[in-house]
Each structure stands twice: as structure tokens, then as C-alpha cells.
Amino acid sequence: MTRDPAELTASDYLDGAREMASANRPFLAHLLAEEAARLTADPATAAGIRAGFPAPTTTREATD
């Protein structure tokens with residue numbers, strides 16, 4: 001089902017972040033969590049969300 005992004009809540013974004021984290025997609029999880037934190041009114045809660053989904057490193061290691 002397609003939803004209007006304007007109707008998505010912080011909870012929706014946080015659910016998506018959890019799904020991406022469990023699917024081993026840390027960068028997408030981080031981006032969704034950032035949006036959830038942005039939509040959260042309480043600064044302490046927003047900080048907790050950000051702490052739970054830190055930015056992944058952008059460097060890749062070669063797997064030979």
C-alpha cells in the first residue's frame with residue numbers, strides 16, 4: 001500500500017528503521033531513524049533514537 005509521506009509519523013519511520021536494521025541495511029536504517037528523530041518533539045527521545053541508529057561508516061573494507 002502506498003502512503004502519502006506527509007502522513008507518516010515518527011513511529012512509522014522508526015518501524016522502517018528497525019526493519020532496515022534487521023535486514024542489514026544500516027545506512028537506510030540510519031536515514032529513517034534521523035527522520036523519526038526530526039519528527040519527535042522531545043529532544044531526549046530524539047537523542048535516544050539517534051543513539052540507537054548511529055551513522056554507519058562510509059569506508060568499505062575489501063573482502064579478499
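Quick caveat: nothing in here was measured; it's all calculated off a predicted structure.
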Do H30 and P56 have side chains that approach each other closer than 4.5 Å (heavy atoms only, starting at C-beta)?
yes
Might you point out which heavy atoms bring L32 and A17 nearest each other, and give the distance in Å?
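It is CD1-N, 3.7 Å.
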What distance separates E35 CD from T9 OG1, expressed to the nearest 0.5 Å?
11.0 Å
Could you state the interatomic distance from CG (D12) to CD (E7), rounded to the nearest 0.5 Å?
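Answer for the CG-CD pair, D12 versus E7, is 10.0 Å.
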Please list all pairs passing the salt bridge (Lys or Arg N to Asp or Glu O under 4.0 Å) test where one or both residues lie in residues 44-57, with sequence neighbours left out.
E34-R50
Please name all residues satisfying side-chain contact (heavy atoms from CB on, under 4.5 Å) with I49, sequence neighbours left out, ordered by chain then number.
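side-chain contact (heavy atoms from CB on, under 4.5 Å) list for I49, sorted by chain: L14, A33, A36, A37, T40, T45.
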Is there a path of hydrophobic side-chain contacts, each under 4.5 Å between heavy atoms of I/L/V/M/F/W/Y residues, joining F53 to L8?
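No: no chain of side-chain contacts under 4.5 Å links L8 to F53.
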Give the table of side-chain donor-acceptor pairs shorter than 3.5 Å for residues 22-29, with sequence neighbours excluded, one pair per line with atom names and distance.
unit_1	atom_1	unit_2	atom_2	d
S22	OG	R18	O	3.4
S22	OG	E19	O	2.9

